[in-house]
*Asks:* 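First, the structure itself, so that you have it in front of you.
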Amino acid sequence: MSKRTIIPFGPQHPVLPEPIHLDLVVEDEKVIEAIPSIGFIHRGLEKLVEKKDFIDYVYVAERICGICSAIHGQTYCQAVEEVMNIAVPERALYLRTIWGELSRVHSHLLWLGLMADGFGFEALFMHCWRLRETVLDMIEETTGGRVIFGSCKVGGVRKDIDKPTLERIVAKLNGMEKEIKEVTDVFIVDRSVKHRTVGVGVLSKQDAYELGAVGPTMRASGINQDMRKLGYAAYKQLKFEPIVETAGDSYSRCVVRIKEIFQSIDLIRQAAVQLPEGPIDVKVTGTPSGEFFARTEQPRGEVIYYLKANGTRFLQRLRVRTPTFANIPALVKLLQGCELADVPILALTIDPCISCTER
Amino acid sequence: MIFSMSKTVLSSLFSKPSTRLYPITQRVPFKNTRGKIEIDIAACTFCGLCSKKCPTSAITVTRADKKWEINRLQCLACDYCVLVCPKKCLTMENAYTTPAVATSKDSFKVARVPDNTADSKDS
Ligand code: SF4
Ligand code: SF4
């Protein structure tokens with residue numbers, strides 16, 4: 001039997017700009033076990049809820065994550081609205097959906113770029129980010145921020161998108177579809193890329209289920225579950241089916257995300273057609289009292305916001321379970337038995353966002 | 001397939017670059033872009049609401065000195081102070097603050113020197 005060695009991976013690593021530390025127990029070049037440790041950038045944002053007015057906390061919730069910002073804000077607002085029994089206007093729900101899907105497109109393009117960078121395909125990385133930049137421009141044009149939207153508030157949304165702007169955005173997305181396809185096809189058909197992804201880091205359906213994986217990581221293993229199917233915001237009026245792959249390897253996780261880009265563009269198209277006229281917010285009076293679990297689908301998977309309010313302007317407790325936190329056990333599992341050189345790519349395939357995991 | 005990228009590579013070879021030659025060509029911000037906070041100090045009543053609502057406590061309002069200060073690096077351009085100001089004297093400019101290497105506080109004071117005589121009625 002060969003000797004066992006422990007190789008530290010992270011929190012600073014060239015491939016992974018996320019502060020997670022893994023102790024990799026290796027035997028020759030094989031990883032036997034991976035022991036994760038997190039907690040490098042804990043910010044105490046859950047505690048802050050006791051000091052910030054519940055209306056003002058939206059701005060903090062949006063900044064829990066730099067990439068899923070829109071959906072963090074939206075989930076928080078949904079939870080508060082549910083506790084307070086606020087009926088949000090239809091138009092606001094549609095606008096939230098449109099922004100949520102735009103953020104999914106930009107997040108997946110970002111991930112594809114990072115993935116390409118991870119296996120050393122610089123040109124592909126830049127093309128993914130070039131396309132992402134166009135989406136960021138759309139976001140900035142409509143909300144004022146590139147990644148931090150600041151458009152959601154308790155009781156509705158803060159900004160409206162007028163008809164010509166929305167039409168222009170949809171037309172641009174329609175035109176972009178071809179370009180995105182050209183770039184993403186490289187991930188699907190290129191032999192050298194497939195060499196790094198096909199059959200690597202297989203997570204079986206049973207494991208994905210037992211370890212509580214979420215989002216594309218879970219759907220790539222054949223579990224058909226998408227929180228958008230719960231029908232929050234405007235999703236109940238839109239037609240879509242969760243994207244499921246069955247192989248459970250890195251390639252499937254890649255394919256799920258690529259298909260979700262096109263699905264999101266389609267959802268934006270549908271929402272733009274159905275967008276009703278009307279007010280975008282309602283006046284919020286009173287204070288929340290009660291508790292609620294809000295569950296939504298972020299680009300990385302399901303996020304849970306639990307909040308408990310006691311009738312004052314300050315919430316008593318807020319708990320955020322981010323998708324990456326749920327995917328870490330799955331990551332540890334799929335690292336077992338892989339080659340040491342595959343570790344960075346495998347860590348990337350769950351699309352880790354440690355900053356939001358640690359809140 | 002090996003040459004799956006060739007079409008994209010060729011087309012980018014013959015099209016103009018996607019990047020800008022900063023700082024020679026600068027990006028034009030959108031109408032909505034949240035850049036930096038400006039204040040019309042003459043209209044401010046120093047009520048302090050903006051500083052109370054600011055999520056990062058970037059604003060300090062000193063009523064006695066009639067001074068309004070903002071820590072530029074602490075401000076995250078959320079636009080909330082603009083929304084809550086009862087006098088509507090705050091605005092969100094589209095241009096970002098210039099890059100800085102040290103924390104800077106921009107302070108604004110009412111230009112008129114307060115009358116310090118004891119019998120002064122207006123302030
Ligand atoms: S809220 Fe407006 S009026 Fe009040 S201190 Fe701030 S800037 Fe001045
Ligand atoms: S924009 Fe936001 S962070 Fe900046 S000073 Fe105003 S309230 Fe504070």
Side-chain angles (χ1 to χ4, degrees), chain A residues 45 48 51-53 55-63 69 73 116 121-124 126-134 136-146 148-151 153 158-162 165 178-195, chain B residues 1-22 25-38 48-59 73-85 88 90-97:
Chain A
L45 295 183
L48 193 63
K51 295 217 185 85
K52 285 272 168 219
D53 189 300
I55 300 272
D56 309 351
Y57 193 79
V58 187
Y59 298 98
V60 182
E62 281 198 320
R63 282 160 180 83
S69 148
F121 204 153
E122 282 293 311
L124 187 56
M126 285 179 190
H127 278 291
C128 291
W129 282 35
R130 170 178 61 87
L131 292 167
R132 170 175 177 253
E133 201 57 38
T134 324
L136 290 185
D137 277 350
M138 293 171 191
I139 297 171
E140 180 170 352
E141 187 181 354
T142 50
T143 68
R146 275 163 55 84
I148 305 285
F149 290 50
S151 54
K153 69 171 183 184
R158 279 177 64 190
K159 295 213 167 73
D160 203 351
I161 310 182
D162 57 15
T165 315
K178 208 171 112 253
E179 274 187 89
I180 297 179
K181 184 154 186 338
E182 253 169 45
V183 171
T184 52
D185 270 354
V186 180
F187 289 90
I188 297 179
V189 299
D190 192 279
R191 202 180 57 179
S192 52
V193 174
K194 274 167 83 175
H195 206 70
Chain B
M1 238 208 279
I2 312 175
F3 299 112
S4 46
M5 263 294 266
S6 10
K7 199 172 155 221
T8 317
V9 170
L10 279 180
S11 67
S12 44
L13 202 60
F14 296 109
S15 55
K16 68 178 196 345
S18 310
T19 47
R20 251 175 242 103
L21 206 60
Y22 184 84
T25 24
Q26 301 222 355
R27 182 169 185 265
V28 186
F30 290 99
K31 200 175 89 251
N32 267 336
T33 304
R34 300 194 302 269
K36 72 175 201 194
I37 295 286
E38 284 302 338
L49 200 61
C50 51
S51 86
K52 213 161 83 205
K53 289 287 184 184
C54 173
T56 57
S57 320
I59 303 177
L73 287 189
Q74 214 163 322
C75 168
L76 39 77
C78 67
D79 209 14
Y80 196 35
C81 49
V82 179
L83 201 74
V84 296
C85 173
K88 298 284 162 240
L90 295 174
T91 42
M92 182 59 89
E93 300 285 311
N94 296 135
Y96 298 122
T97 38

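Reminder, nothing fancy here: chain letters follow the sequence lines and each chain counts from 1.
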*Asks:* Let me confirm one number: the OG-CE distance from B/S18 to A/M126, rounded to the nearest 0.5 Å.
*Replies:* 11.0 Å

*Asks:* Rounded to the nearest 0.5 Å, what separates atom OG1 in B/T33 from atom CZ in A/R146?
*Replies:* 10.0 Å

*Asks:* At a 4.5 Å cut-off on heavy atoms, which part of A/F121 comes close to chain B: side chain, backbone, both, or neither?
*Replies:*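 It is the side chain, since no backbone atom gets that close.
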
*Asks:* So for A/I148, is it side chain, backbone, both, or neither that comes closer than 4.5 Å to the heavy atoms of chain B?
*Replies:*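 Both parts, backbone and side chain.
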
*Asks:* Heavy-atom pairs under 4.5 Å with chain B - which of A/R130, A/E179, A/R158 has more of them than the others?
*Replies:* A/R158

*Asks:* Just to be sure I understand the criterion: a residue of residues 75-82 of chain B counts if one of its heavy atoms is under 4.5 Å from a heavy atom of chain A. Which ones qualify?
*Replies:* B/L76, B/A77, B/C78, B/D79, B/Y80

*Asks:* Measure distances from A/L124 to the heavy atoms of chain B and classify the residue's part below 4.5 Å as side chain, backbone, both or neither.
*Replies:* both

*Asks:* Where do B/N32 and A/T142 come nearest, in terms of heavy atoms and distance?
*Replies:*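 In this case the closest contact between B/N32 and A/T142 is ND2-O, 3.5 Å.
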
*Asks:* Could you tell me the separation between the CG atom of B/L83 and the NZ atom of A/K153, rounded to the nearest 0.5 Å?
*Replies:* 6.5 Å

*Asks:* For the side chain of B/R34 and the backbone of A/F149, is there at least one donor-acceptor N/O pair under 3.5 Å apart?
*Replies:* yes

*Asks:* Check the surroundings of atom NZ in A/K178: do more than 12 heavy atoms from other residues, nucleotides or ligands lie under 6.0 Å from it?
*Replies:* no

*Asks:* Contact part of A/D185 toward chain B, heavy-atom cut-off under 4.5 Å: side chain, backbone, both or neither?
*Replies:* neither

*Asks:* Taking side chain as everything from C-beta outward and backbone as N, CA, C, O, which of these in B/S11 sits under 4.5 Å from a heavy atom of chain A? Side chain, backbone, both or neither.
*Replies:*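 No part of B/S11 comes within 4.5 Å of chain A.
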
*Asks:* Measure A/K159 against the heavy atoms of chain B and call it side chain, backbone, both or neither at under 4.5 Å.
*Replies:* side chain

*Asks:* NZ/B/K53 to NZ/A/K52 distance, rounded to the nearest 0.5 angstrom?
*Replies:* 9.5 Å

*Asks:* Could you tell me the separation between the CG atom of A/D137 and the CZ atom of B/F30, rounded to the nearest 0.5 Å?
*Replies:*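 That separation rounds to 4.0 Å.
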
